[in-house]
Amino acid sequence: MTRRRRKIKTIRMLQLALPSLLFVSLCVVMCTPVRHGEGDGSVMATAEADMAEEMAEALPRMKGLSIADLENADSVSRHLRRLPQMPEPTQKMKVNYFGNLRQIFNDSNHVHMAEAEKIGIAPLSDTRSHWQMRRPIVRITTCEDYFLDTLIFSRPYLVPEAAVTLREIGRRFRDTISARGGGDYRIKVTSLLRTPATIKRLRRRNRNAIDSSVHRYGTTFDISYASFVAGAPAPARSVDDLKGVLAEVLKAMREEGKLWVKYERGQPCFHITARRRD
């Protein structure tokens, strides 16, 4: 009986010690360094050498640059580069002035609204409406033809027709300046698609803002005539001349049946609605 009891105790002790032995063995295996073959070592060495060479070439170019400079040097954000302010002194350029802009660009809100209802989205109401639009919309971002201002009371979206019209305005504006002596300037877009939430915030600041804004349809955008974006210090052009060139472009496109324009005074901008292109 005594020997049997001792045998049982020994087995029990082995059962208790087995998990600990397995744990120690696993730790030993995991902590043992793995030796790579010659092929793996050569690949790692080549990669490290290439990285060191790239860094050696890049460091001299990066020396003395600020974070803003590095961001502007990025090819992805190259269109965001601009001068902090308009260059001075300005040089006169040819502008075909044609009268009082407020009288010439006076398309009523009814005209804008009628066009927007034809080609625009249904005005957004609740969250569900954002996913059940009758028309596709295009995201608008800063590009070589225009600069998108910081949007507070709107969202960067337009229907395709309006996106094409905006791009054409910017391209023709830049081409006209280039043909008349040059200058790196772009128009500034200040407002796009408005939602119920953005309209509510806008009404707190501007009592003239209306709930039935044509901006709700994604067909309408505002372009500032008091502020432009300069990409180079020379040749320097005045805001008045740039405004005149922009007015020329809008007048031509309006006569071509591509858009409606309203000259706004409270907010210094051209209020523009794209038209259906047959």
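Heads up: numbering here begins at 1 and tracks the sequence.
- Between Arg186 and Glu144 there is no salt bridge, since no side-chain nitrogen of the basic residue lies less than 4.0 Å from a carboxylate oxygen of the acidic one.
- Taking a cutoff of 4.0 Å between a charged side-chain nitrogen and a carboxylate oxygen, Glu161 and Lys118 do not qualify as a salt bridge.
- Other residues, nucleotides and ligands contribute only 12 or fewer heavy atoms inside 6.0 Å of the CZ atom of Arg102.
- For the residue pair Ala274 and Thr165, the shortest heavy atom distance occurs at CB-OG1, 3.5 Å.
- Phe153 and Ile272 fall into different hydrophobic clusters, where Ile, Leu, Val, Met, Phe, Trp and Tyr side chains are chained together by heavy-atom contacts under 4.5 Å.
- In plain terms, the two heavy atoms of Ile223 and Leu166 that are nearest each other are CD1-CD1, 4.1 Å.
- Considering only heavy atoms from C-beta on, Arg254 stays 4.5 Å or farther from Ile104 through its side chain.
- Listed here is the closest heavy atom pair of Gly218 and Ile121: N-CG1, 4.5 Å.
- Checked by atom type and distance alone, the side chain of Arg180 pairs as donor or acceptor with a backbone atom of Lys94 at under 3.5 Å.
- Between Pro156 and Leu148, some side-chain heavy-atom pair lies under the 4.5 Å cut-off.
- Here the CZ-OG1 distance, from Arg216 to Thr195, works out to 11.0 Å after rounding to the nearest 0.5 Å.
- Here the shortest heavy-atom pairing between Tyr185 and Ala230 reads CE2-CB, 3.5 Å.
- Between the side chains of Arg194 and Thr220, not a single donor N or O lies within less than 3.5 Å of an accepting N or O.
- Of all heavy-atom pairs between Glu264 and Gln267, the closest is CB-O, 3.2 Å.
- Linking ILVMFWY residues whenever their side-chain heavy atoms come closer than 4.5 Å, directly or via other members, leaves Val189 and Val214 in distinct clusters.
- Between the OG atom of Ser213 and the CG atom of Leu193 there is a distance of 9.5 Å, given to the nearest 0.5 Å.
- When all heavy atoms of Ile119 and Arg275 are compared, the closest pair comes out as CD1-C, 4.1 Å.
- Side chain of Arg167 to backbone of Val164: no donor-acceptor contact under 3.5 angstrom is found.
- A donor-acceptor pair is defined here as one N or O able to donate and one able to accept, closer than 3.5 Å; such a pair exists between the side chain of Asp107 and the backbone of Val261.
- Under the 4.5 Å side-chain heavy-atom criterion for Ile, Leu, Val, Met, Phe, Trp and Tyr, Leu151 and Phe147 are members of distinct hydrophobic clusters.
- In this structure, Tyr263 and Asn100 have side chains that are not in contact, with every pair of non-hydrogen atoms separated by 4.5 Å or more.
- Once rounded to the nearest 0.5 Å, the distance linking CZ of Phe228 with CZ of Arg82 reads 14.0 Å.
- Within a 6.0 Å sphere centred on CD of Glu88, heavy atoms belonging to other residues, nucleotides or ligands number more than 12.
- Glu115 places a side-chain N or O within donor-acceptor distance of the main-chain N or O of Arg276, the cut-off being under 3.5 Å.
- Rounded to the nearest 0.5 Å, atoms CZ (Arg237) and CD1 (Ile177) are 8.0 Å apart.
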- Passes side chain to side chain contact (heavy atoms under 4.5 Å, CB included), Ser154 versus His215? Steps please. CA-CA 8 Å; Ser154 64; His215 281 276; 6.0 Å; no

- Under the side chain to side chain contact (heavy atoms under 4.5 Å, CB included) rule, what do Phe221 and Ile169 come out as? Steps first, then yes or no, please. CA-CA 12 Å; Phe221 49 89; Ile169 294 172; 3.9 Å; yes

- Message: Could you walk me through whether Met86 and Val239 satisfy the side chain to side chain contact (heavy atoms under 4.5 Å, CB included) test, starting with their C-alpha distance in whole Å, then the side-chain angles of each, then the deciding distance to 0.1 Å, before giving a yes or no?
- Response: CA-CA 8 Å; Met86 295 290 285; Val239 171; 4.2 Å; yes

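- Below 30°, between 30° and 60°, or above 60°: for Phe98 and Phe105 the angle between ring planes is above 60°, a perpendicular geometry.
- Not less than 6.0 angstrom separates the ring centroid of Tyr146 from the ring centroid of Phe173.
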- Just do the side chain to side chain contact (heavy atoms under 4.5 Å, CB included) check on Tyr217 and Thr273 with the steps written out, would you? CA-CA 10 Å; Tyr217 294 84; Thr273 296; over 6 Å; no

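- With salt bridges taken as basic N to acidic carboxylate O contacts below 4.0 Å, one links Asp184 and Arg174.
- Linking Ile, Leu, Val, Met, Phe, Trp and Tyr whenever their side-chain heavy atoms come within less than 4.5 Å leaves Leu246 and Val229 in two separate clusters.
- When the side-chain contact (heavy atoms from CB on, under 4.5 Å) test is applied to Val111, the partners found at least two apart in sequence or on another chain are Ser108, Trp260.
- The shortest side-chain heavy-atom distance between Asp222 and His271 falls under the 4.5 Å cut-off.
- Residues Tyr225 and Leu192 share a single hydrophobic cluster, defined by chaining ILVMFWY side chains whose heavy atoms lie under 4.5 Å apart.
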